[in-house]
Amino acid sequence: MRPHFPCDGRCAGSAPHICHLHVRGDTMKKVQFNSRWMPYAFLLPQLSIVAIFFLWPAAEAVRSSFYLEDPFGFSSTFVGFDNFTDTLTSSNYARVAQFTAVFTVLVTFFSLALALLLAVKADKVLRAGSTYKTLLMWVYAVAPPVAGLIGILLFDQHVGPLVDFAALFGWKMQIGVNYFDTSFAMVVISVWKQIPVNFIFFLSGLQGISRSVQEAANIDCRSGFRRFWTVTFPLLAPTGFFLLIINVTYAFFDTFGIIDVVLKTEPGNNPVTLVYKVYLDGFRGNDLGGSSAQSVLLMLFVFILTIIQFRLIERRVHYS
Amino acid sequence: MAKRIVSGLMAGVALFAATSGANAATEISWWHGMGGNLGEVVNTISAGYNDSQDTCNLTPVYKGGYEDTLTAGIAAFRAGEQPNIIQVFDAGSATIIGAKGAVLPVEDLLKDAGVAFNIEDYIEGVRYFYADSEGKMIGMPFNSSAPILYINDDAMKAAGVETPATYEEIEAIAPKLKEAGYIPFVQSHLPWEFVENFMSRHNLQFATNNNGYDGAAGTELVFGPEIRNHIKSMKEWLDKGYFGYYGTGWSDNQAPFNEGKVAMWIGSSGSFGGIAKTVEFPFSATYLPYWASVEGANKASFIGGAALFAMSGKSDEENNCTASFFEYLTSADVQYMWHKETGYVPITEAAYDMAKKDGYYETTPAAEVGIQQLSLEGGEWTKGYRMGFYVQIRDVMNRELGKVFSGETDVDTAFDTIKEEGDKLLARFAQTVEQ
């Protein structure tokens, strides 16, 4: 089952027109292009997409974060760091940032933990395994706004079955009125939407652990629980680390559709994430300067987060 | 439908082939935010206009909600691709009027095109909301509405009470309605119904600088004791079960009324058409309530809804077409049709007279409440308001008043926060326009 990369044996020369292919267990092989411009030509489409759709807008956001501009673009005034100080001193921004942090931690933790639990259990199912797996995976195909729509039907104040269910325990759930209840619904819907992705990756990770290792562990250790934490879990760590990054990004950015549907585009006294606030101020409120300042802050934050993730966490991950 | 589009296209192609050359009709576009049934009426009006003459051809384009339409219009303007006509809602009017040069004042547009214009032809309530501080009409009022109180007649009968006019009367009958198993009173849009029109109905100042009409610089919100007391009462009512609050969304609050669980609901006069088709109980309507204890109350309400703006940067030829469409749109026949189909108020006296003569209000008295309320006596503060970044200010109001109703904060703190954050937004907006 090893990947095989054909190599024409003409490997020579120096970087950058050499590609290194890491093939498990094999020696490193080299591929050379005929022209030294060819690799750049292959990179060009990707790089131009990055430049046009990311670098240019990002630079534009940085520029307009220092200006106050009327929406129609007749005039713009340089205001220095005013947009940033206005944002950072607003009590509401602190509240939104706090919610975003809690929301991200909860969504990431529960969608990873539940997916891992389901994957471990599904891996052990002997009969009708693929049926279970398919049932667990299908949600992956649901688009976030649709997931949000299903969610608000279940959580509807007037007709939602989950609201009726909570009422059995004396919990008068009011989505859209009560801050906590709305946060709860957002977390549940976002976790539900994300579990299948994590499940698919964890399951393939589990299936990649070799039988011999598992059998050896079975002999050495009787406790399934301990076996999981000392053998299976470390071997899943590369998958887990990759999913951690994917899930943090998901909670930060991709939950936009779910939040928008739950709020019905009326924020009111409801929790919103930082990304949603950028949209509200920029696209609903036409405050381009303020909105740009917020997206620059967000960019910085994600940048720092990425460094932390790779510096601190990846060191502890063991790649076999 | 598809067949109609195809035949429409073919007719268009044939027309183009026949008239290509000097006589081709001038194309103008209209971006609007009227979905569903309203959108179909908009299409009917446009088709009617195109059939009525052959020098201009109007294409209406649905751009999503009000906010989406405005945002799309702004983006298009910056790219030089703006439509001839754009529909902008009440809360967005300061944005488009404040950007000097984005629109042609409708009064100038009509006069330049040789169309007779007299502001007195329009009903009093709509004349000055979309005007500048000198009273020149900038935007053409289009779908104009007023917040009115809808009554579930069965609920009134069950509790043995009469339709109330004031909040004091509502407070008096609420216990009986509650006993009869109804939620007595619900609203559906806090900023519009409990703040803006509360100010207008009680003739209270809403902002400095003549409610913001005299310029953006230095405009600040004004919240006196009357509105604070009103929200305090509403919170008490909520705790006693006299008032129901289901969040910021309009439909979440309308749903229990439509289901017959609510006795009184504040909706829009434009909700009339929809309710008439949906509910299974007899209903009636009356004016937005007021506090009799506030001196000088029971004045006209502000006009809600949206207006049509002629965007600048277009040729005289196209502007003449826009003017001729506005002339068609404000004709009594078209206004009466619009009023009947949607429940929005007719904007001209002539159309209102036509509806009265036709006996429309004898069969459906609830349809007249909105226009009657807009025609009530006006006061110093009933003309309207003009504030920038107002969509965000509304969001702040919804957030803080929502906190009051969920018990997270008290009324005075909430209004202080609205004023503080609102004033900051107004100051930021002033920086964008006063250069």
Side-chain angles (χ1 to χ4, degrees), chain A residues 67-79 82-83 85-87 89-93 95-96 152 155-160 172 174-182 261-272 276-277 279-291 293, chain B residues 65 67-68 70-71 73-75 77-78 82 92 95-96 98-103 189-190 245-252 255-256 259 261 388-409 417 420-421 424-425 427-435:
Chain A
Y67 286 84
L68 253 179
E69 190 174 9
D70 94 87
F72 286 88
F74 286 110
S75 64
S76 66
T77 326
F78 182 79
V79 292
D82 276 10
N83 288 329
T85 46
D86 280 357
T87 300
T89 53
S90 134
S91 62
N92 187 45
Y93 190 77
R95 192 173 182 230
V96 172
I152 56 168
F155 281 110
D156 187 90
Q157 285 181 55
H158 305 294
V159 293
K172 193 170 170 289
Q174 272 199 300
I175 309 302
V177 179
N178 186 298
Y179 191 85
F180 177 83
D181 294 352
T182 316
V261 175
V262 171
L263 298 183
K264 299 165 188 158
T265 65
E266 283 287 349
N269 177 32
N270 291 312
V272 295
Y276 198 76
K277 189 167 159 54
Y279 159 77
L280 283 179
D281 289 352
F283 288 84
R284 228 173 103 90
N286 296 309
D287 178 3
L288 299 179
S291 178
Chain B
E67 286 92 352
D68 299 329
L70 179 59
T71 305
I74 288 170
F77 186 86
R78 296 181 71 130
Q82 69 271 31
T95 304
I96 191 155
K100 297 269 180 293
V103 294
H189 194 299
L190 290 171
Y245 177 68
Y246 304 96
T248 313
W250 180 287
S251 54
D252 287 335
E259 289 160 17
K261 292 178 190 162
F389 287 155
Y390 195 70
V391 176
Q392 279 149 294
I393 297 178
R394 271 188 172 176
D395 283 349
V396 176
M397 289 179 189
N398 269 321
R399 190 182 75 221
E400 293 302 317
L401 298 179
K403 278 189 199 168
V404 169
F405 292 135
S406 65
E408 287 167 69
T409 189
T417 311
E420 192 195 322
E421 288 192 28
K424 213 190 247 180
L425 285 164
R428 282 173 62 81
F429 182 75
Q431 270 182 289
T432 71
V433 291
E434 313 269 308
Q435 300 310 322

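Numbered from 1 within each chain, the chains take letters A, B, ... in sequence-line order.
- Taking 4.0 Å as the cut-off between side-chain N and carboxylate O, B:R399 and B:E408 do not count as a salt-bridged pair.
- Remark: side-chain polar atoms of A:T77 are not paired, donor with acceptor, to backbone N or O of A:V79 under 3.5 angstrom.
- Under a 4.0 Å N-O distance rule, the pair A:K277/A:D281 qualifies as a salt bridge.
- Taking the six-membered ring where tryptophan is involved, the planes of B:Y245 and B:F405 are tilted, since the angle between them lies from 30° to 60°.
- Looking at every heavy atom in both residues, B:Y246 comes nearest to A:V177 through C-CG2, 3.3 Å.
- Per-residue heavy-atom pair counts under 4.5 Å with chain A were compared for B:G249, B:G73, B:A102, and the maximum is reached by B:A102.
- Comparing B:A255, B:G101, B:S251 by heavy-atom pairs within less than 4.5 Å of chain A, the highest count is held by B:G101.
- A salt bridge is defined here as a Lys NZ or Arg NE, NH1 or NH2 lying under 4.0 Å from an Asp or Glu carboxylate O, and B:D68 with A:R284 fails to meet this definition.
- Heavy atoms closer than 4.5 Å to chain A are found nowhere in B:Q82, neither backbone nor side chain.
- Of the atoms belonging to B:L70, it is side-chain heavy atoms, and not backbone ones, that fall under 4.5 Å from chain A.
- Ranked by heavy-atom pairs shorter than 4.5 Å toward chain A, the options B:V396, B:T71, B:I74, B:V391 are led by B:I74.
- For the options B:K100, B:E259, B:R428, B:E67, heavy-atom pairs under 4.5 Å to chain A are most numerous at B:R428.
- Qualifying salt bridge (Lys or Arg N to Asp or Glu O under 4.0 Å) partners for B:D252, counting only residues two or more places apart in sequence or in other chains: A:K264.
- For A:Q174, the part lying under 4.5 angstrom from a heavy atom of chain B is the side chain only.
- Using a 4.5 Å cut-off between heavy atoms, B:E400 makes no contact with chain A at all.
- The side-chain heavy atoms of B:T248 and B:L190, taken from C-beta on, include no pair separated by under 4.5 Å.
- Residue with the most contacts toward chain B among A:Y67, A:F283, A:Y179, A:F72: A:F72 (heavy-atom pairs, distance under 4.5 Å).
- In this structure, no portion of B:R394 lies under 4.5 Å from any heavy atom of chain A.
- Contacts between A:S91 and chain B at a heavy-atom distance below 4.5 Å involve the side chain alone, from C-beta outward.
- Note on A:G290, A:G289, A:G282, A:P267: by heavy-atom pairs under 4.5 Å with chain B, the leading option is A:P267.
- The residue among A:D287, A:D82, A:N269 with the most heavy atom pairs within less than 4.5 Å of chain B is A:N269.
- For B:K424, the salt bridge (Lys or Arg N to Asp or Glu O under 4.0 Å) test picks out no residue, with sequence neighbours left out.
- Relative orientation of the A:Y279 and A:Y276 rings is tilted, given thresholds of 30° and 60° on the angle between their planes.
- Heavy atoms of A:F74 lying under 4.5 Å from chain B belong exclusively to its side chain.
- With a threshold of 4.5 angstrom between heavy atoms, A:I152 does not approach chain B through any atom at all.
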